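As structure tokens, the structure follows; a few thoughts come after it.
Computed from a prediction, not measured in an experiment: that's the story for all the values here. Reckoned from all heavy atoms, side chains included, excluding hydrogens, waters and symmetry mates. As the structure lists them, so they are numbered: ligands from 1, and atoms in each ligand from 1.
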Amino acid sequence: MSENLRISGCIADSIVDGPGMRFVVFVQGCPHHCPGCHNPQTHDFAGGYLADPEKIVKQVKADPLMSGVTFSGGEPFCQAKVLCELGRKIRELGKNIVVYSGYTYEQLLKKGESEPEVLELLRLCDLLVDGPFIQEQRDLSLQFRGSRNQRLINLKKMREQDTWELIERPEG
Ligand code: SF4
């Protein structure tokens, strides 16, 4: 792989960032600045540290109990190109991918008109949790999400049906 990924850190055993046991990569840099954000240390685009994506692949490969990998943040779609490279390797391992974004799905499609890697990343992932965290809509009962505006979008089904038309995934 050519480029490094700027990250804030990784967690190897999360059960709250998508289905099953997950390896979570918190990317560094976020333009959204949602009030009440739980990860404010991830906002600075010059913060965090550079990580070799190959090392992340090795860590994921080393644990057969891992269901998949989650790209969280920070804003993953600000580093879409390098995450596509990493995502392809993770898919080769047979693991699924969850991606979080402070952009809505519709905003990502628009962004993808000038940045094809954004669309490529959407096609590689299986589940998208979209939209900013909105404090007034905070709800602790939601699965994998912080506020009611955020949606669980079934990218896997959309990929299989070869459509960009949004298909939401029910909880569970
Ligand atoms: S998009 Fe996520 S990381 Fe960025 S400010 Fe909002 S809640 Fe925080």
| atom 5 (S) of ligand 1 [closest protein heavy-atom partner, distance rounded to 0.1 Å] | C34 N, 3.2 Å

| said: As an exercise, state the distance from CZ of R22 to CG of D63, rounded to the nearest 0.5 Å. | reply: 12.5 Å

| field | Rounded distance [0.5 Å steps], SG in C10 versus CD in Q59 | value | 6.0 Å

| For atom 8 (Fe) of ligand 1, the protein heavy atom that lies nearest, with its residue and separation | C37 SG, 2.3 Å

| message | Just verifying a value: how many Å separate Q137 CD and R145 CZ, rounded to the nearest 0.5 Å? | response | 11.5 Å

| note | OH of Y100 to CZ of F133, rounded to nearest 0.5 Å, is 12.5 Å

| said: Taking 4.0 angstrom as the limit and counting only heavy atoms of G102, give me the atoms of ligand 1 inside it, by number and element. | reply: 1 (S)

| Of all the atoms in ligand 1, which lie at a distance below 4.0 Å from a heavy atom belonging to F133? | 7 (S)

| request: Below 4.0 angstrom from a heavy atom of H33, which ligand 1 atoms are there? Numbered from 1 as shown, please. | output: 5 (S)

| message | Which residue and atom name correspond to the protein heavy atom nearest atom 4 (Fe) of ligand 1, and how close is it? | response | C30 SG, 2.3 Å

| message | Only heavy atoms of H43, strictly under 4.0 Å: list the atoms of ligand 1 that pass. | response | 5 (S), 8 (Fe)

| field | Whether over 12 other heavy atoms sit under 6.0 Å from R138 CZ | value | no

| task | Check whether any N, O or S atom of H32 sits under 2.8 Å from atom 8 (Fe) of ligand 1. | result | no

| field | Closest non-hydrogen atom pair between S8 and Q41, with its separation | value | OG-CG, 4.2 Å

| task | Decide whether R91 and N96 meet the rule of one side-chain donor and one side-chain acceptor closer than 3.5 Å. | result | no

| remark: Closest to atom 2 (Fe) of ligand 1 by heavy-atom distance, out of P132, G74, P40, is G74

